[in-house]
Amino acid sequence: MAETAKYAAINGGTLFTDMKTQLSLPKTKRTVACAYGFVFIFIVVTTFLAFSPSPNSSSPWFTNIFSLSKEDVGTSYRSQFSSVFSNLFPRSSKNNFEQPHLDKKGLIVEKSENYTQNDDKGGVLENPFNSSSVLSDKESSVVKNETLSEVFDDKVGILMGNQTFDDKVGILMGNQTFDDKVGIFKANQSSIESYKSAAAVNQTESRDFDDKVGIFKANQSTIEKKSAPKLSSKGKSANVEKKRDVDLVKSLLNCDFFDGNWVKDESYPLYKPGSCSLIDEQFNCFLNDRPDSGYLKMKWKPNACSLPRLNATHMLELLRGKRLVFVGDSLNRNMWESLICILKNSVKNQKKVYEESGRHHFRTEAFYSFIFKEYKCRVEFFVSPFLVQQWEVADKKGGKKETLRLDLIGESADKYKNADILVFNTGHWWTHEKTSLGKDYYQEGNHVHNELNVLEAFRRALTTWGRWIDAHINPKKTFVLFRGYSASHFSGGQWNSGGACDSETEPIKNDTYLTPYPSKMKVLEDVFKGMKTQVSYLNITRMTDYRKDGHPSIYRKPNLTLKERRSQWRYQDCSHWCLPGVPDAWNELLYAELLVRLHQKQQEKKS
């Protein structure tokens, strides 16, 4: 009974019901075991496929997740295993790259572009990329199946990442390196099929390249290749300067250069005092310890225009391949030395500027020629104080006496007649005693005049000069100039009778103290009128008359006391000029004349 009761139906159930109840537990355990087994097999298969994906798999799901197409260019530095599980198990990245986010359009690459647009000065990005930040949706770039990772090296302005820049067309390309001198991009990309694929329809890049300096500007849909460079600021500046130069030259065309005043200009002189060893010792007032310096700081300013400052380099270009010749007395030597110093000071290699015969002193010879080798030009000086020939004839006592042949051009004329630019002068030697008296001195043919007025002798000599110019000078090739009489400033006597100027330190400021226009220069102007050849007249008489402060006076030798200076020099020099000084302004006038002539020639060619 007890045994029977042990197997009796519970709650009055039948035997079948009781057996069903007893068998339900093992059934449930089998189901669970099968489920776990299936999950385990699934995981194993999934893992196997993850590490050995078949490129020919028929499953698009596996292909999309585990396979990399040719356009997938952003998964370097990570294994496929990490790629899969970074999608399955999102986590906070400890490296410098944000993980991409998938949507129906593809991969949305969100990256930071925290840099400022650079200007034209340096082409260097000012701020490095902050690669841990993410742009908003408006700033993000959409790249089909592509991930970009970039690191900015702020020491050299290098973008190191999964892209490079091809500077020819402004296209991002893979597996290339851009020259690190201008902002380098180093690539970790696998490949990009072509230039077009790099700027594909489904790709928008929030920066373009400014071809001047490598600037990237944000929020552009594509990288713009500029078809033609814009005019640079330097080019614009050059055009402005060119127009300004043309306007300046035009302003000189109808300007009287010689009607003006001296003004103080601290930017002068045109070369450093004491820097030019070629200056005659007797003209080098600075090295001869002249105590004042105001005479160095004066500039000639015409009333009707502004003279251009003499640009020595430009003047040498105007003289390239040419001969510029000064012909005349020691005042023209004064001007010649001034120009040599101005031009030589602008040449970098001083060894390429030299006197043809190697001479360094210029008082004893009749001819000197400086060669500017780099410009293949010569700047020369021929001694000819009267422009006509000094002569000798037999006197009544059987000896010889000096005469001046008013009918013969100077001996050296044949040597300079083919020069490109000729600058003549004469005047001071006509004031000396012999020429002033005019007794048994002036000769024409075999006839020596017993007496001839100096002004008439001057007219005949200049007429001879003018006729020679008309007969031997080709005005289409040679530009002829004549520098007028340079004023002297002897106070208290003439040059040989105690005249002095050593106390003068300021120019004349009141026109009433200027001397009348020399009669010899009126004769010269009359000669010009009778010539066929046009001569440019550098009428510097009035402008020099202001400058009673500009002469060497007693400062003609260095290392002397004031007492020694006054006692040593019987005559003060109040005719020549200190260098740097007044003759520099004559050369600025010469420069202006050359600019005007060049402009006129250009206009003739156009017409």
Side-chain angles (χ1 to χ4, degrees), residues 237-271 294-319 324 335 338-339 342-343 346 421-425 479-487 506-511 514 517 521 524-525 528-529 534-547 549-550 577 580-607:
S237 176
N239 284 345
V240 171
E241 290 179 2
K242 184 177 180 180
K243 184 180 184 302
R244 184 179 62 195
D245 291 345
V246 171
D247 292 342
L248 177 60
V249 173
K250 287 182 178 179
S251 73
L252 302 177
L253 296 177
N254 299 312
C255 177
D256 182 355
F257 295 163
F258 312 101
D259 177 25
N261 288 282
W262 291 92
V263 295
K264 191 172 183 180
D265 191 328
E266 291 297 331
S267 70
Y268 278 70
L270 296 172
Y271 50 99
Y295 69 97
L296 297 168
K297 301 291 184 180
M298 304 302 293
K299 173 185 178 180
W300 178 249
K301 174 66 174 68
N303 292 325
C305 61
S306 293
L307 285 176
R309 184 183 179 93
L310 198 162
N311 183 327
T313 302
H314 183 233
M315 188 166 183
L316 281 169
E317 286 294 344
L318 294 177
L319 298 176
L324 166 58
M335 184 179 181
S338 163
L339 185 60
I342 292 169
L343 299 180
S346 70
I421 303 165
L422 286 168
V423 182
F424 293 94
N425 98 293
F479 183 31
V480 181
L481 302 100
F482 199 107
R483 183 185 58 75
Y485 184 80
S486 170
E506 293 287 339
I508 293 174
K509 297 180 180 179
N510 190 334
D511 288 4
L514 299 177
Y517 189 62
M521 295 300 101
L524 177 64
E525 291 182 17
F528 290 158
K529 293 176 183 177
Q534 183 177 354
V535 178
S536 182
Y537 179 31
L538 298 177
N539 186 4
I540 51 85
T541 302
R542 184 170 180 268
M543 70 179 287
T544 55
D545 202 3
Y546 286 106
R547 294 301 305 276
D549 63 316
W577 302 93
V582 171
D584 300 336
W586 303 347
N587 283 311
E588 286 200 300
L589 293 170
L590 173 60
Y591 178 58
E593 291 281 358
L594 294 177
L595 293 176
V596 169
R597 180 173 172 83
L598 177 63
H599 176 78
Q600 291 172 339
K601 281 192 169 184
Q602 290 173 341
Q603 295 304 310
E604 288 175 4
K605 289 180 179 179
K606 290 180 180 178
S607 61

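Atoms considered below: every heavy atom in the structure, side chains included; atoms not considered: hydrogens, waters and symmetry mates. The chain is numbered in sequence order, starting from 1.
For Asp247, the side-chain contact (heavy atoms from CB on, under 4.5 Å) test picks out Lys243, with sequence neighbours left out. By the side-chain contact (heavy atoms from CB on, under 4.5 Å) test, Arg597 pairs with Phe479, Lys601, sequence neighbours left out. Take Val596 and apply the side-chain contact (heavy atoms from CB on, under 4.5 Å) test, not counting sequence neighbours, and it matches Leu252, Leu253, Phe257, Gln600. Residues that satisfy the side-chain contact (heavy atoms from CB on, under 4.5 Å) test with Pro302, not counting sequence neighbours, are Cys255, Trp300, Cys305, Leu307. For the ring-ring contact (aromatic ring centres under 6.0 Å, His included) test, residues two or more places apart in sequence or in another chain that qualify with Tyr537 are Phe528.
Using modelled atom types and a 3.5 Å distance limit, the side chains of Tyr546 and Glu506 yield no donor-acceptor pair. Side-chain contact check for Asp584 and Tyr268: no donor-acceptor pair (N or O, by modelled atom type) lies under 3.5 Å. Judged by distance alone, the side chains of Asn539 and Tyr485 never bring a donor and an acceptor atom under 3.5 Å apart.
Within 6.0 Å of CD on Gln534 lie no more than 12 heavy atoms contributed by other residues, nucleotides or ligands. Few gaps surround NZ on Lys301; more than 12 heavy atoms of other groups in view lie less than 6.0 Å from it.
Put simply, the side chain of Thr541 does not reach to within 4.5 Å of the side chain of Ser486, judged on heavy atoms.
Of all the heavy atoms in Ala585 and Met543, the pair that sits closest is CB-CE, 4.0 Å. In terms of heavy-atom proximity, Leu595 sits nearest to Val249 at O-CG1, 3.9 Å.
In this structure, Arg309 fails the cation-pi test against Tyr591, since its NZ or CZ atom is not both closer than 6.0 Å to the six-membered ring centre and inside 45 degrees of the ring normal. Geometric assessment of Arg547 against the ring of Trp577 yields a negative cation-pi assignment under the 6.0 Å and 45° thresholds.
Among residue pairs with one or both ends in residues 253-265, those qualifying as salt bridge (charged side-chain N to carboxylate O under 4.0 Å, His left out) are Asp259-Arg542, Lys264-Glu266; sequence neighbours excluded.
For the side chain to side chain contact (heavy atoms under 4.5 Å, CB included) test with Leu324, the passing option among Leu422, Ile421, Leu343 is Ile421; the others fail.
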Worksheet entry | side chain to side chain contact (heavy atoms under 4.5 Å, CB included) between Leu316 and Ser346, intermediate numbers included | CA-CA 9 Å; Leu316 281 169; Ser346 70; 3.6 Å; yes
